[in-house]
Colleague: 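Below is the structure I would like to discuss, written out as structure tokens.
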Amino acid sequence: ANDSDSSLYSPFNGMVPLAHACWNKASPETIDVLLNKDVANKTIDMQVEGIFLKTSKTIMDEIEGMLPIHLALKNANPKVVGLLLQKEKVKQRDSPYDSTVFKRDKKSRVPLHIACLNSRDANVIEQLLVIDARRETAHALDKEKRTPLHHACARENSNHEIIKLLLNAEKEFIEILRSEERNEKENNEKKYEFLCCENYIKWRARSDTSIVLAGRTTFSDHINHGFSTPQSSRNGDDTDKLYEEYKGLFILHNCYCAHQRDNKSLSPLFHAVKTASDHKAIALLLEPKQIYLKGFGSLVDDLAEITEATKENELKEYLIEELSRRSYFCVMFMDIYSHAFALGTFLYCIEKLKQSKIETTEIYVLLAFFSIGALREVSKILSEGYIYMADLESWSEISSLTLIAFSSMYFMDNVDNTDVQMDRYDKNKLSACGMLLVINLIIILRTTFVPFARFVGGIILIFYTLIPFFAVSFLLLLAFAYSFRMSGDRAKCDTLTHCYLDVMQSFFAGAEGTKDLLDVLFGIVVIVVLLNVLIAIVEQAWQNAEKQTLRLFWAYRLKFLANNHFFDIFLAIPFLGKAEELLDDIEDIRFSDQIPWTKEPYNLIDREEKYRDPDGYFLPDIAKEIKVARSFLGDWYWVQKEFKKAQEDEKERLQTGDGKETVLSLRQYVSLWGKNGLYWKASKVILVFVFKSIIYSLVVGGGLATCGLLWPKSLRRKILSVGLHGEKKDST
């Protein structure tokens, strides 16, 4: 065969010989022969199309429009893929978008999609990304609105190396765009908006790009906006249409693949948890900027279990890092404050109502907390969508807000009433409102600290465990009530209902006396057996709750993140500008520390200069650890060390030569402090510590008044880490 050999380019059953070989899992040697014979290097661009003989419709729909690279990737043979990509490298292209790595099949998948779907070899993924110099295909979307990352995570036991490659490729793509943005002379919003797809728009403006997708004439069918015009009629107005076209095929530069939800509203992290991927793969998706829990729903508990079961603290650290972001942290403490003050205000209103002295001021305060609560529920609805209505806690909050509204109206009606008389309906309504406020405050507290999670989780687990007990106990008590009713010698058994209430009272308070064998049986079965079973069940449930405390705790925190993604829009907006960075840079104030200074990396500090300015001597990570470890006694150590050296020098100077140790007098000790400037150095250490303590106290006080808004990040992390095992504990 030679360059003009038509057999290489003649399709049979819709495919050229190279496509047949790739589809039928031919050996790499066979593929190599076909590629070498194709001197013109045309067959790598020839798609599957035409008449399919004796081919099922399912297979036809699957492979129609594919190129040889798609077919080879479906069979996941890395050697074959390598040969095809080698031919792609040497082929001259007018634009990167002409490359086979950008061509799409009938399902709008680029080769990278299919590779992530079928291959476990990270080298295959890397080869595809190398061909795509800008790493733009990492942002490609298929018909199901899935990126390659979705497909990689949706596989059983996802390969964390492939996920890492995709995330790194995305970072490179975003960095390239940012670099291009910096190089733009005109800071035009329109220019910036279209910057991500500028090359694509230029390419689409060519007259020969009518066939863009393999097997398709335009992208318009895929994105359904009907744009397909010849090059001659394209003008400035068409730029907007091309931009929309690009948005249908790629994620924009300011979005992350980990945040993209497919047609079923599922994120890559959701797929990774659902397919039980290893913790390394999940850890990559929980890194800062990657974590995305919107629409997580029922898988929150599964992710919590993975987080707690993982021996490394990496996953926990990422979640604490996310929760310590100023917006989330402020929302968390705002919830605590609003629920606590709403409860306090409500109880105060009740007391004033009982005294017939209620005024509009406290009612308006209660209504203010009602407004805050209502806004919070709206934000949850915007974050969760329809899942919000399936959550029992949501109904608890809605019920609480409804009762607060009715209670406020009742309070308003009795502002000028000097003799308030409440009927049974009003009492029940106000009682229910108070109970729900208490319950909701407890629910809020459980997401903040481990002790609350342990207690609340234990109570909930006990109630769940007691459901069968209550059902059996109800039937047993009903049996005894019926027996007592039929005996006819019980004064309180004029009806079955009264008899049942009497039996229930005996169950809780004990029987009044024993008259016959039925009373004896009641005492044995109900009072002795059932009560001891109840005690045993509660004890066992509490022990189980102790074991599941941290899993429950992480489930609560993950649920908080999943329910509050509405506040993501505020995370990119600095609340305090440069002051925010200054606040986060404030060091913790410690009088002492528990740092092992003889172990790495602390044993590297052999001079005071390294202790004071670790950034000038160590890598950033080590310098950060040293800064965190500094304390007042650590600063004082260098004063003592210098004083000790001054003592040794003075003793050496006064040595008489008789071999006796020189003993310094008190006057000489005092003189040493003055000669070596130690008075000033010691005073400086003390004054700096006092000054920092005052500043830190002001920041802490300001944070208490602003729901933690003014607290430095280190303090926010410490608060969120209270009670967690394995966390580094520093005394403040």
Side-chain angles (χ1 to χ4, degrees), residues 57-58 61-66 70 73-74 102-118 136-156 158 162-163 166-167 170 196-197 200 212-216 218-227 241 243-277 281-282 285 290-300 302-303 381-390 562-563 565-566 568:
K57 188 176 186 303
T58 302
D61 290 342
E62 177 68 21
I63 68 173
E64 185 179 8
M66 284 188 171
H70 295 97
L73 287 168
K74 283 187 70 65
F102 275 94
K103 294 301 174 68
R104 299 174 181 253
D105 64 6
K106 194 173 181 180
K107 296 181 179 180
S108 192
R109 297 176 300 187
V110 296
L112 189 59
H113 280 113
I114 301 174
C116 292
L117 188 62
N118 296 283
E136 193 169 3
T137 50
H139 268 208
L141 292 170
D142 62 14
K143 269 191 173 182
E144 295 179 343
K145 294 297 181 184
R146 289 187 176 186
T147 65
L149 183 62
H150 283 81
H151 291 295
C153 293
R155 293 194 62 175
E156 294 290 336
S158 305
I162 290 178
I163 294 175
L166 294 171
L167 294 176
E170 178 182 52
C196 60
C197 59
Y200 171 78
V212 184
L213 294 178
R216 309 262 303 282
T218 64
F219 285 134
S220 58
D221 294 334
H222 173 66
I223 57 175
N224 196 27
H225 61 61
F227 175 65
K241 294 181 180 180
Y243 176 69
E244 292 300 319
E245 181 174 296
Y246 183 88
K247 283 170 61 177
L249 294 159
F250 295 92
I251 298 177
L252 295 184
H253 65 288
N254 55 354
C255 301
Y256 291 93
C257 293
H259 297 186
Q260 172 69 21
R261 293 199 292 169
D262 58 24
N263 286 344
K264 296 181 180 179
S265 296
L266 305 179
S267 66
L269 179 59
F270 186 98
H271 287 292
V273 174
K274 187 176 181 180
T275 55
S277 301
I282 293 175
L285 298 171
Q290 300 295 345
I291 183 172
Y292 188 78
L293 296 172
K294 187 173 182 180
F296 228 70
S298 59
L299 286 187
V300 165
D302 295 329
L303 181 55
I381 293 173
L382 293 174
S383 294
E384 298 180 69
Y386 68 91
I387 299 176
Y388 173 85
M389 304 307 296
N563 292 350
H565 262 276
F566 171 75
D568 280 350

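Quick note: residue numbers are just sequence positions, from 1.
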Colleague: Determine, step by step, whether Arg109 and Met66 satisfy the side-chain contact (heavy atoms from CB on, under 4.5 Å) criterion, reporting the C-alpha distance in whole Å, the side-chain angles of both residues, the deciding distance to 0.1 Å, and the verdict.
Modeller: CA-CA 9 Å; Arg109 297 176 300 187; Met66 284 188 171; 3.4 Å; yes

Colleague: Restricting to non-hydrogen atoms, name the atom on Cys153 and the atom on Pro268 that form the minimum distance, rounded to 0.1 Å.
Modeller: CB-O, 3.3 Å

Colleague: Between His151 and His113, how do the two ring planes meet: parallel, tilted or perpendicular, split at 30° and 60°?
Modeller: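 Aromatic pair His151/His113 classed perpendicular.
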
Colleague: Would you compute the distance between atom CG of Leu285 and atom NE2 of His271 and round it to the nearest 0.5 angstrom?
Modeller: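 Nearest 0.5 Å value for the CG-NE2 distance: 11.0 Å.
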
Colleague: Locate the shortest heavy-atom distance separating Leu249 from Tyr200; write the atom from each residue and the value.
Modeller: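 Minimum heavy-atom contact is CD1-OH, 4.0 Å.
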
Colleague: For the residue pair Ser158 and Ala152, what are the closest heavy atoms and their distance?
Modeller: OG-O, 3.1 Å

Colleague: Can you name the one residue among Leu117, Thr147, Leu149, Leu166 that meets side-chain contact (heavy atoms from CB on, under 4.5 Å) with Leu112?
Modeller: Leu166

Colleague: Between Phe270 and Arg146, is there a cation-pi geometry (under 6.0 Å to ring centre, at most 45° from the normal)?
Modeller: no

Colleague: Nearest 0.5 Å, what's the CD1-CG distance between Ile251 and Leu141?
Modeller: 5.0 Å

Colleague: I want to check something: taking the side chain as every heavy atom from C-beta on, are Asn118 and Leu73 in contact at a cut-off of under 4.5 Å?
Modeller: no

Colleague: Nearest 0.5 Å please: distance from the NE2 atom of His259 over to the CG atom of Leu293.
Modeller: 9.5 Å

Colleague: Nearest heavy-atom pair of Ala140 and Phe250: which atoms, and what distance?
Modeller: CA-CD2, 3.7 Å

Colleague: Check Arg261, Lys264, His150, Gln260 against Lys145 for a side-chain contact (heavy atoms from CB on, under 4.5 Å) and give me the one that passes.
Modeller: Gln260

Colleague: Using a strict 4.0 Å threshold on nitrogen-to-oxygen distance, state whether Lys247 and Glu244 make a salt bridge.
Modeller: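 So Lys247 pairs with Glu244 through a salt bridge.
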
Colleague: For Cys257 versus Ala138, what's the shortest heavy-atom pair and its separation?
Modeller: SG-O, 3.2 Å

Colleague: For Thr275 versus Ala154, what's the shortest heavy-atom pair and its separation?
Modeller: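 In terms of heavy atoms, the two residues are closest at CG2-O, 3.1 Å.
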
Colleague: So among Ile114, Val110, Ile63, which one has a side-chain contact (heavy atoms from CB on, under 4.5 Å) with Asp105?
Modeller: Ile114

Colleague: State the NE2-OH distance between His139 and Tyr246, to the nearest 0.5 angstrom.
Modeller: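 The OH atom of Tyr246 is 8.5 Å from NE2 of His139, to the nearest 0.5 Å.
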
